[in-house]
Amino acid sequence: MRVLVTGGAGFIGSHVCDALRERGHEPLVFDVREDAGADVRDPAAVARALSGVDAVCHQAAKVGLGDGVRDAAEYAAHNDLGTAVLLAAMAEAGVGRLVLAGSMVVYGEGRYACPRHGVVRPGPRAVADLDAGRFEPVCPLCGEDLSPGLVGEDAPPDPRNVYATTKLAQEHLAAAWARCTGGSAVSLRYHNVYGPRMPRDTPYAGVASFFRSALARGEAPRVFEDGRQRRDFVHVRDVAAANVTALEARAAPRLLTAYNTGSGEPRTVGEMARALAAAYGGPEPVVTGAYRLGDVRHITADSSRLRAELGWRPRVGFAEGMREFARAGLRGE
């Protein structure tokens with residue numbers, strides 16, 4: 001299979017290209033890092049790149065929480081306009097298979113249960129609570145403490161920042177393309193991806209790169225809030241394998257299917273910082289109590305659908321992955 005990989009020179013995209021080659025496929029890299037003219041927002045450049053292509057793996061995106069709404073136009077231009085240009089060119093070229101780099105950020109906060117009211121959706125956390133160190137969301141009905149759980153793909157989306165909103169819009173655009181063209185689209189909703197080739201201090205899955213960069217400088221990783229926020233840290237090679245598995249699968253035409261893509265092992269941010277510091281041999285993490293308004297408290301999703309329907313399994317365990325990440329170089333070093 002000849003696969004156009006947008007963002008193919010980036011952190012995740014480069015691993016996707018490696019995985020495609022290992023499976024006997026031919027990846028074609030479309031990335032401004034290698035060619036300034038390879039801009040996914042340029043219809044002519046995208047049309048040329050799609051010549052002779054069987055499928056597209058769309059990794060190119062502007063990532064991170066952003067700066068409130070002041071850079072909303074830039075996020076929308078890269079993520080949504082770029083995706084729209086790509087999909088229009090795919091329709092014109094007759095390329096009918098797409099795998100999209102989705103994100104768990106489309107859910108907002110994760111799944112929570114109240115002992116009195118069952119599953120509830122807490123609202124945004126209040127600044128006053130965060131300033132006072134009250135980081136856990138409470139039941140919007142009774143104010144009781146909530147228990148975090150795993151969120152499934154059928155949960156209603158609730159994007160809580162500009163980046164998350166553009167990632168959800170990408171899925172809607174892909175779904176519209178599939179319905180109009182009879183193509184098939186898969187969105188892999190990535191969790192916190194980490195591993196070799198991660199850019200230094202990247203805003204995407206920032207805690208992993210920020211902590212690793214701090215250790216390289218001989219500094220202690222600085223953990224926000226109380227360090228008990230739950231995430232799913234998934235190794236980049238497992239994410240790359242999920243992309244190849246999705247490309248090779250017989251996806252349903254005229255549909256977009258979303259799959260949570262995580263390790264299935266929720267960890268706290270503090271736990272990850274301690275494991276990475278121990279593997280690196282660096283200073284113990286420092287819990288700061290600081291916070292970012294765009295962050296959610298807990299987001300861990302159920303990835304069993306991807307396992308059951310496509311047969312994908314994560315191969316890199318948490319301890320093994322942290323040991324490797326502690327030794328791996330970061331881009332920009």
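None of these values were measured; they are calculated from a predicted model.
Rounding to the nearest 0.5 angstrom, the gap separating the NE2 atom in H298 from the CG atom in L146 is 9.0 Å. From S209, atom OG reaches atom CE of M198 across 4.5 Å, with rounding to the nearest 0.5 Å. A distance of 9.0 Å separates CG of L255 from OG of S184, quoted to the nearest 0.5 Å. Distance CD/E22 to SG/C17: 11.5 Å, rounded to 0.5 Å. Note that CE of M272 and CD of Q229 are 10.0 Å apart. Values are rounded to the nearest 0.5 Å. In this structure, CD on E109 lies 8.5 Å from CG on D158, to the nearest 0.5 angstrom.
You'll find the side chain of L276 reaches within 4.5 Å of the side chain of R212, heavy atoms only. You'll find the side chain of Y259 reaches within 4.5 Å of the side chain of E309, heavy atoms only. Side-chain contact between I299 and V151 is present, with at least one heavy-atom pair separated by less than 4.5 Å. Annotation: side chain of D238 is not in contact with side chain of R313 (no heavy-atom distance under 4.5 Å). For the pair R21/P27, a side-chain contact is recorded, criterion being any heavy-atom separation below 4.5 Å from C-beta on. By the 4.5 Å heavy-atom criterion applied to side chains, E74 and K62 are counted as neighbours.
Residues satisfying the side chain to side chain donor-acceptor pair (under 3.5 Å) criterion with R267, sequence neighbours excluded, are E265, E271. With sequence neighbours left out, D154 forms a salt bridge (charged side-chain N to carboxylate O under 4.0 Å, His left out) with R305. Qualifying side chain to side chain donor-acceptor pair (under 3.5 Å) partners for S304, counting only residues two or more places apart in sequence or in other chains: D302. Under the side chain to side chain donor-acceptor pair (under 3.5 Å) criterion, T83 pairs with H58, Q170, not counting sequence neighbours. Among residues two or more places apart in sequence or in another chain, the side chain to side chain donor-acceptor pair (under 3.5 Å) test is passed with D31 by R33. In this structure R125 satisfies the salt bridge (charged side-chain N to carboxylate O under 4.0 Å, His left out) test together with E225, sequence neighbours excluded.
Under the 4.5 Å side-chain contact rule for hydrophobic residues, L256 and L188 do not share a cluster. By the criterion of side-chain heavy atoms lying less than 4.5 angstrom apart, applied directly or through intervening Ile, Leu, Val, Met, Phe, Trp or Tyr residues, V296 is not grouped with V119; the two fall into different hydrophobic clusters. In the hydrophobic clustering of this structure, L150 does not group with Y107; members are Ile, Leu, Val, Met, Phe, Trp, Tyr whose side-chain heavy atoms approach within less than 4.5 Å, directly or through other members. Both L215 and V287 are members of a single hydrophobic cluster when ILVMFWY side chains are connected at heavy-atom separations under 4.5 Å. No chain of hydrophobic side-chain contacts below 4.5 Å, direct or via other Ile, Leu, Val, Met, Phe, Trp or Tyr residues, connects V236 to V316.
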Verify side-chain contact (heavy atoms from CB on, under 4.5 Å) between T261 and L306, making sure each step is shown before the conclusion. CA-CA 7 Å; T261 307; L306 181 58; 3.7 Å; yes
Side chain to side chain donor-acceptor pair (under 3.5 Å) for S303 and N260? Distances and angles first, verdict last. CA-CA 5 Å; S303 299; N260 292 327; 5.5 Å; no
Kindly determine whether D232 and Y190 satisfy side chain to side chain donor-acceptor pair (under 3.5 Å), including the steps that lead there. CA-CA 9 Å; D232 185 323; Y190 300 160; over 6 Å; no
List the steps, then state whether salt bridge (charged side-chain N to carboxylate O under 4.0 Å, His left out) holds for E153 with R189. CA-CA 9 Å; E153 290 90 347; R189 291 175 176 170; over 6 Å; no
Report the C-alpha distance between F224 and V207 in whole Å, list the side-chain angles of each, state the deciding distance to 0.1 Å, and finish with yes or no for side-chain contact (heavy atoms from CB on, under 4.5 Å). CA-CA 9 Å; F224 279 12; V207 286; over 6 Å; no
Can you check side-chain contact (heavy atoms from CB on, under 4.5 Å) on L330 and F325, steps first, answer last? CA-CA 9 Å; L330 300 180; F325 187 45; 3.6 Å; yes
Between R237 and E324, does the salt bridge (charged side-chain N to carboxylate O under 4.0 Å, His left out) criterion hold? Intermediate values first, please. CA-CA 12 Å; R237 286 198 299 275; E324 180 193 26; 2.8 Å; yes
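Residues L247 and A55 share a closest heavy-atom pair of CD2-CB, 3.9 Å. Nearest heavy-atom pair across N79 and Y163 is ND2-CD1, 4.0 Å. The two residues A249 and L310 come nearest to each other via the heavy atoms CB-CD2, 3.6 Å. The two residues Y112 and P137 come nearest to each other via the heavy atoms OH-CG, 3.7 Å. Closest approach of V106 to A164, counting heavy atoms only: CG1-O, 4.2 Å. Heavy atoms only, all atoms of each residue included: R254 and G182 are closest at CG-CA, 3.5 Å.
Formation of a donor-acceptor pair under 3.5 Å by the Y280 side chain with backbone atoms of M322 is not found in this model. A distance-only check finds a donor-acceptor pair linking the side chain of T288 to the backbone of V223 [under 3.5 Å].
R297 and E136 are joined by a salt bridge, as a carboxylate oxygen and a charged side-chain nitrogen come within less than 4.0 angstrom of each other.
Listed by first and then second residue, the side chain to side chain donor-acceptor pair (under 3.5 Å) pairs involving residues 41-57 are D39-R41 (not counting sequence neighbours). Identified under the ring-ring contact (aromatic ring centres under 6.0 Å, His included) test for residues 229-252, with sequence neighbours left out: Y194-H235. Evaluation of the salt bridge (Lys or Arg N to Asp or Glu O under 4.0 Å) test over residues 239-249, restricted to residues two or more places apart or in two chains, returns R23-E248.
Grouping Ile, Leu, Val, Met, Phe, Trp and Tyr residues whose side-chain heavy atoms lie under 4.5 Å apart, directly or via other members, places V85 in a hydrophobic cluster with L4, L28, F30, V40, V46, L50, V53, V56, L81, L86, L87, M90, V95, L98, L173, W177. Residue Y291 belongs to a hydrophobic cluster whose other members are V127, L130, F135, L293, with links defined by side-chain heavy atoms closer than 4.5 Å.
Counted within 6.0 Å of CD on E219, heavy atoms from surrounding residues, nucleotides or ligands total more than 12; the atom is thus considered enclosed. Within 6.0 Å of atom CZ in R228, 12 or fewer heavy atoms from other residues, nucleotides or ligands are found, so the atom counts as exposed in its surroundings.
Shown are V5, L100, V239; of these, the side-chain contact (heavy atoms from CB on, under 4.5 Å) with Q59 is made only by V5.
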Side-chain donor-acceptor pairs under 3.5 Å in residues 7-15, sequence neighbours left out?
from: S14; atom 1: OG; to: G10; atom 2: O; distance (Å): 2.8
from: S14; atom 1: OG; to: F11; atom 2: O; distance (Å): 3.1
from: S14; atom 1: OG; to: R197; atom 2: NH1; distance (Å): 3.0
from: H15; atom 1: NE2; to: P196; atom 2: O; distance (Å): 3.0

